[in-house]
There are 2 protein chains.
Amino acid sequence: MPSTIKDVAAHASVSIATVSRTINAPHRVNAETLARVRESIQVLDFTPSALGRQLRGERTRLIGVIVPTLANPVFAESLQGADEAASADGYRLMLMTTEYDTARERAAIETLREQRVDGLIATVADAGANTLLDELDRAELPYVLTHNDTPHRPSVCVDNRRAAREGVHALLARGHRNVTMVAGSFAASDRARLRYQGYADAMQEAGLQPLPAVEIDFNADDVPDSLLAGLVRRGDRPTALFCSNDRLAMVVMHALRRAGIDVPRDMSVLGFDGIPLGELMQPALASIATPNRLIGRTAWRQLAPLLGLAGDAHAPQCTTLPHRFRPGATIAEPDSAQRLHSLSPETPHEHP
Amino acid sequence: MPSTIKDVAAHASVSIATVSRTINAPHRVNAETLARVRESIQVLDFTPSALGRQLRGERTRLIGVIVPTLANPVFAESLQGADEAASADGYRLMLMTTEYDTARERAAIETLREQRVDGLIATVADAGANTLLDELDRAELPYVLTHNDTPHRPSVCVDNRRAAREGVHALLARGHRNVTMVAGSFAASDRARLRYQGYADAMQEAGLQPLPAVEIDFNADDVPDSLLAGLVRRGDRPTALFCSNDRLAMVVMHALRRAGIDVPRDMSVLGFDGIPLGELMQPALASIATPNRLIGRTAWRQLAPLLGLAGDAHAPQCTTLPHRFRPGATIAEPDSAQRLHSLSPETPHEHP
DNA sequence: CTGAAAGCGCTAACAT
DNA sequence: ATGTTAGCGCTTTCAG
């Protein structure tokens with residue numbers, strides 16, 4: 001049992017109020033007394049209990065953070081950003097992971113509310129129609145969503161649809177016509193859906209028919225053979241793949257290699273997220289980089305005023321942060337064999 | 001302000017004791033009363049405050065987790081392992097990152113003690129002579145170290161020295177003689193030091209002189225040109241690099257590429273940690289894989305009995321988990337030019 | 001089966 | 001400058 005304010009008071013022969021003041025308002029304590037109390041605090045190894053304080057005060061200086069998983073560096077990064085920013089303001093984080101599971105989202109929010117967190121920074125599966133978030137609104141618990149791209153709730157994210165469109169456009173501009181999207185399961189992520197829409201936008205602008213996406217489980221460490229077969233089948237094999245996130249892109253590339261498909265010679269690959277490790281690998285993964293750390297930091301900045309902290313009280317509810325197309329060696333023009341096969345009026349693109 | 005047990009009591013016209021029982025011991029409440037109270041709980045959207053409970057009881061069911069950074073997937077993974085295991089037992093995690101900074105370690109422990117966590121799972125810079133840990137001992141706050149390889153404190157890790165020795169041995173067995181170690185700064189990690197010892201062991205067993213390690217800042221995203229120059233200088237250029245962790249290995253490989261050095265043709269690279277992304281990249285990163293998730297899980301298992309939970313009360317204080325050499329295409333035999341240069345009695349190794 | 005009351009550690013009036 | 005006291009939300013005897 002740690003010692004309490006009472007123990008210190010007794011040891012220093014003062015009242016508990018004086019001990020409290022020694023800690024919170026030293027200038028209101030006589031110098032000698034101050035020294036004596038501090039001495040006792042040392043001796044007894046007293047650490048004030050945040051519990052007592054939190055129970056008394058109207059805030060806990062705790063904020064809950066909910067992310068799908070830390071296996072995806074994207075979330076690890078934005079968590080870091082939020083951590084840095086919140087810590088600097090004296091707030092502590094309580095972390096919960098959901099593995100993209102709605103039931104776990106519910107449980108996480110419940111736990112966090114029990115802990116009386118002052119606010120929430122969360123990435124949820126589906127931000128649009130989400131009863132959990134409605135409950136938060138009703139409970140008046142401030143929250144900011146991260147990586148959830150919705151105009152209807154406080155959030156910080158990139159414009160996923162536009163970003164995806166630009167990325168796919170880059171593929172098309174290099175002469176690819178048969179571009180297929182590989183996505184984590186749509187049910188588990190509104191991001192994935194928006195990115196698919198961006199993909200479809202780009203295809204249509206180029207006068208091409210969007211192809212159905214190949215859906216893969218988010219947590220998968222490998223591509224099931226059945227799906228892989230579809231991806232590498234001869235005939236109408238895609239010349240480029242747009243993956244809804246970098247982790248997925250790497251998993252897919254690994255599978256392609258196993259199937260004897262060389263990236264980028266036989267197939268180009270574009271990811272999404274711009275995780276640092278992607279840039280280090282060979283060939284460097286082309287991607288649409290999102291400012292993950294900044295997303296976390298911004299989420300805190302947006303949340304802080306809602307907690308009554310100093311800050312821009314009239315900051316926007318929704319922040320759209322800039323993305324950036326990150327070129328990489330996983331993208332090449334369709335190989336010559338491929339081009340020979342497709343020397344038809346439909347693919348009149350030029351190459352240097 | 002969330003509603004309290006009093007609000008519910010008033011709404012249901014019972015005492016707060018009955019509300020408490022409804023939540024914690026429903027069988028001791030009359031069926032009708034139970035229903036009425038539950039109704040009120042619903043209506044008022046009552047969520048019991050963990051604070052009140054924690055203040056009253058002798059445990060908070062909170063555990064603190066301290067890791068250097070989440071930018072290194074190793075720690076993200078073991079955090080996940082700990083989270084899974086602890087959550088299953090109804091414990092919540094409070095996360096703090098230190099960026100390998102001792103001052104931040106101190107602050108983290110302070111905060112966690114204030115929050116009255118029941119125990120700690122931590123990865124610290126230096127587990128041997130660490131006053132912070134001594135303080136924990138004195139305060140009788142149970143803790144388990146992860147990734148800290150020390151027999152003197154409760155810990156879960158792999159045998160870093162042996163693992164490093166085996167890895168370097170594998171390089172030597174392929175004909176490498178000039179193997180250099182690249183390490184994060186030794187001051188910030190007892191792991192790095194042990195791995196260097198393992199490197200030295202292997203070199204000496206092969207009758208070779210261990211070379212001084214090249215130290216690089218942990219957080220670096222690139223290798224400074226001055227260090228890079230030393231690594232790629234002609235003449236006594238190493239034919240193989242042993243990196244003290246995978247992230248570092250990837251950063252180094254990236255720099256080597258910039259310097260026109262091809263891996264593995266011109267230089268082999270071996271990492272440490274076995275992060276999943278390493279296996280996905282091309283060429284696949286050879287590494288010494290550590291069971292990170294299991295490390296986190298085991299840490300919880302080892303901590304639980306110390307908190308008075310069910311579990312093996314006589315589990316070992318220190319657990320050494322098995323590592324595994326993970327072969328990869330970043331390791332090759334020294335290239336032919338290199339071999340021609342070194343066709344001397346000292347390097348009689350055969351190649352297919 | 002239910003209620004009254006004490007007390008967990010702390011802060012903030014209010015008194016002295 | 002310091003002390004006394006009420007009360008934050010809850011659990012837990014102890015009575016009824």
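This structure is a prediction, so every number in the text was calculated from the model and none was measured. We name chains A, B, ... by the order of the sequence lines, and we start the count at 1 in each one. We use all heavy atoms of the structure for the numbers below, so side chains are in, but hydrogens, waters and symmetry mates are not.
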Mapping A:Lys6 and B:His27 onto DNA chain C by nearest heavy atom, which one lands closer to the 5' end?
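The residue whose closest nucleotide sits nearer the 5' end is B:His27.
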
Whole angstrom is fine here: how far is it from [atom1] in [X] over to [atom2] in [N]?
X        : N      : atom1 : atom2 : result
B:Ile5   : C:dA6  : CD1   : P     : 17 Å
A:Asn30  : D:dG3  : CG    : C1'   : 14 Å
B:Glu58  : C:dG7  : CD    : P     : 17 Å
A:Ile23  : C:dA12 : CD1   : P     : 12 Å
B:Arg61  : D:dT11 : CZ    : P     : 13 Å
B:Arg59  : D:dC10 : CZ    : P     : 20 Å
B:Gln115 : C:dG9  : CD    : C1'   : 13 Å
A:Leu51  : C:dT11 : CG    : P     : 12 Å

For B:Asp118, is there an ion pair with B:Arg92 - N to carboxylate O distance below 4.0 angstrom?
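So B:Arg92 does not pair with B:Asp118 through a salt bridge.
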
Before accepting this row, confirm whether a basic side-chain N of the pair A:Asp134/A:Arg153 lies closer than 4.0 Å to the acidic partner's carboxylate O.
yes

Side chain of B:Leu55, heavy atoms from C-beta onward: which of D:dG9, C:dG3, C:dC10 has the nearest atom to it?
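Nearest nucleotide to the side chain: D:dG9.
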
Of the options D:dG3, D:dG9, D:dC10, whose atoms approach the side-chain atoms of A:Ser15 most closely?
D:dG3

Is there a donor-acceptor pair closer than 3.5 Å between any side-chain N or O of [X] and the backbone N or O of [Y]?
X        : Y        : result
A:Asn148 : A:Leu145 : no
B:Thr298 : B:Leu294 : yes
B:Arg21  : B:Arg28  : no

Scan B:Val29 against the nucleic acid and name what it touches under 4.0 Å (heavy atoms): base, sugar-phosphate only, or nothing.
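Here B:Val29 touches the backbone only, sparing every base.
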
When we call it a touch if two heavy atoms are under 4.0 Å apart, what does B:Val14 touch: a base, just sugar-phosphate, or nothing?
sugar-phosphate

Examine D:dT2: is either OP1 or OP2 under 4.0 Å from a nitrogen or oxygen in the side chain of A:Thr33? Give yes or no.
yes

If you compare every side-chain N and O of B:Ser49 against the phosphate oxygens of D:dC10 (OP1, OP2), does one of them come in below 4.0 Å?
no

Output one line per pair: protein atom, nucleotide atom from nucleotides 12-16 of chain D, and distance, for all N/O pairs under 3.5 Å.
| from | atom 1 | to | atom 2 | distance (Å) |
| --- | --- | --- | --- | --- |
| D:dT12 | O4' | B:Arg56 | NH2 | 3.3 |

May I ask you to check whether B:Glu99 and A:Gln80 show a side-chain donor-acceptor distance below 3.5 Å?
yes

Any side-chain heavy-atom pair from A:Trp300 and A:Leu309 closer than 4.5 angstrom?
yes

